[in-house]
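Small disclaimer: the values here were computed from a predicted structure and weren't measured. Both ligands and their constituent atoms are indexed starting at 1 by order of listing.
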Amino acid sequence: DNKKLAIAIDGPAAAGKSTVAKIVAKHLGYVYIDTGAMYRSLTYSVLKHKIDASNHTQVVNHLHKITIDIDPDQQVYLDQENVTDDIRSDVVTNNVSAVATIAQVREEMVLRQRKLAEKRGVVMDGRDIGTHVIPDAEVKIFLVASVKERAQRRHEENQQKGFHSDLEQIKSDIEQRDKMDSEREVSPLKKAADAIEIDTTSLSIENVADQILSIVQQKMGNDE
Ligand code: CDP
Ligand code: CDP
């Protein structure tokens, strides 16, 4: 029987992390963990309770009072309430990076994430998984794509859902979020020294998933 690995997938917004992470996890029979959903759930709750996000102590105290659970089919629960759709709203998307810059928020999230990754057999995606959450992950992938392509992907998702969508607005929102995520002091978005970078700009989802799976196979072979 093969040893179970930890696979870290990081990169900027809409690079394709969650889409390919799910495929890779399913293929390997691993658990997929979406850490972005955890930061989004906290942000949703902070907004709902009208907590001032610039008051770091209040935000951290609030985090200690809430539970965030993600079930195997990716339904997200905040204290038992299903918030799967709510956490993808524009208002959450435009506030999440500010909440995610708070050092004590990140400390607590990382504790929760490491607990989930303890038993290996996980594919975890986010911004700091390879650099900070699981620095000893056996496989580290850094997905990138041009901002034009990433904005186009989100735009198409919105249109498919029948939502109003403004391509230029999406592009500037993505650029602003990437900038905040990359420039924050605590565990910023950054490629780990030992991560493999894949530029997905002109690649299909299947192609990206296949590349990652072959990196995983190679790793398993080497360790035998
Ligand atoms: O799916 P999308 O790229 O829009 O974002 P996400 O993965 O849901 O993450 C939302 C936000 O949470 C990011 O823009 C980061 O500000 C924050 N985040 C983080 O700081 N660290 C992580 N490991 C995951 C997400
Ligand atoms: O998780 P992250 O924000 O990095 O991105 P995502 O939500 O997985 O992917 C964003 C969109 O890009 C999805 O609608 C995917 O279907 C699409 N995508 C693509 O068109 N080509 C790829 N190689 C990967 C994702």
Side-chain angles (χ1 to χ4, degrees), residues 8-25 32-44 46 53 68 70 74 76 83-84 86-103 105-114 116-117 123-134 137 141-161 163 165 170 173-190 192 198-212:
I9 303 184
D10 292 299
K17 300 180 298 297
S18 63
T19 305
V20 297
K22 272 179 224 167
I23 297 171
V24 169
Y32 164 58
I33 302 164
D34 175 0
T35 64
M38 298 172 70
Y39 289 97
R40 284 174 178 276
S41 297
L42 171 62
T43 304
Y44 168 80
V46 160
I68 300 164
I70 308 176
Q74 298 309 311
V76 182
V83 294
T84 312
D86 307 84
I87 64 168
R88 307 283 158 197
S89 72
D90 288 344
V91 59
V92 171
T93 300
N94 292 332
N95 284 281
V96 62
S97 290
V99 170
T101 59
I102 303 172
V105 162
R106 303 201 66 83
E107 260 169 48
E108 171 64 17
M109 290 297 196
V110 169
L111 287 179
R112 295 186 188 190
Q113 290 155 7
R114 284 187 183 150
L116 294 169
V123 183
M124 190 176 274
D125 83 337
R127 301 292 186 288
D128 59 339
I129 311 307
T131 53
H132 188 62
V133 181
I134 327 177
I141 306 292
F142 197 75
L143 291 186
V144 297
S146 71
V147 66
K148 187 163 169 255
E149 169 67 19
R150 292 185 287 122
Q152 188 63 40
R153 289 175 184 176
R154 280 282 184 267
H155 185 54
E156 277 166 26
E157 275 178 5
N158 289 340
Q159 288 180 324
Q160 273 164 19
K161 290 181 195 151
F163 293 167
S165 187
I170 294 174
D173 288 350
I174 284 180
E175 279 170 328
Q176 204 194 332
R177 194 146 60 93
D178 287 350
K179 185 170 153 60
M180 283 184 81
D181 290 344
S182 308
E183 291 179 356
R184 69 171 174 239
E185 268 176 45
V186 183
S187 47
L189 166 65
K190 190 173 176 276
I198 303 174
D199 185 341
T200 75
T201 306
S202 55
L203 299 179
S204 71
I205 294 168
E206 294 71 27
N207 186 315
V208 179
D210 285 346
Q211 285 194 44
I212 297 174

Rounded distance [0.5 Å steps], CD1 in Ile33 versus OG in Ser18: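 With rounding to 0.5 Å, CD1 (Ile33) is 14.0 Å from OG (Ser18).
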Rounded distance (nearest 0.5 Å) linking atom OG1 of Thr35 with atom CD1 of Ile134: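 If we round to the nearest 0.5 Å, Thr35:OG1 and Ile134:CD1 are 9.5 Å apart.
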Glu183: salt bridge (charged side-chain N to carboxylate O under 4.0 Å, His left out) partners, not counting sequence neighbours: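 So Glu183 forms a salt bridge (charged side-chain N to carboxylate O under 4.0 Å, His left out) with Lys179.
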Non-neighbouring partners of Arg177 that pass salt bridge (charged side-chain N to carboxylate O under 4.0 Å, His left out), sequence neighbours left out: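 For Arg177 there are no salt bridge (charged side-chain N to carboxylate O under 4.0 Å, His left out) partners, ignoring immediate neighbours.
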Close residues, ligand 1: non-hydrogen atom nearer than 4.0 Å: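 If the criterion is a heavy atom under 4.0 Å, then ligand 1 touches Ala13, Ala14, Lys17, Thr35, Gly36, Tyr39, Arg40, Arg88, Val96, Ser97, Ala100, Arg106, Gly126, Arg127, Asp128, Ile129, Arg154, Arg177, Asp181, Arg184.
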Mark up the atoms of ligand 2 that fall under 4.0 Å of a heavy atom belonging to [X], in ascending order.
X: Ser204; value: 23 (N)
X: Leu203; value: 21 (N), 22 (C), 23 (N)
X: Val208; value: 23 (N)

Asp178/Arg150 salt bridge by N-O under 4.0 Å criterion: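 A salt bridge links Arg150 with Asp178.
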Derivation and outcome, side-chain hydrogen bond (donor to acceptor under 3.5 Å, both in side chains), residues Arg153 and Thr200: CA-CA 12 Å; Arg153 289 175 184 176; Thr200 75; 3.1 Å; yes
Region of Ala145 that comes within reach of ligand 2 [heavy atoms, distance under 4.0 Å]: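 Neither part.
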Nitrogen or oxygen atoms of Glu157 and ligand 2 under 3.5 Å apart: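 Indeed, backbone or side chain, Glu157 has an N or O that close.
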Salt bridge (Lys or Arg N to Asp or Glu O under 4.0 Å) contacts touching residues 9-20 (sequence neighbours left out):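 Non-adjacent pairs meeting salt bridge (Lys or Arg N to Asp or Glu O under 4.0 Å): zero.
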Worked check of side-chain hydrogen bond (donor to acceptor under 3.5 Å, both in side chains) between Arg40 and Thr93: CA-CA 7 Å; Arg40 284 174 178 276; Thr93 300; 3.0 Å; yes
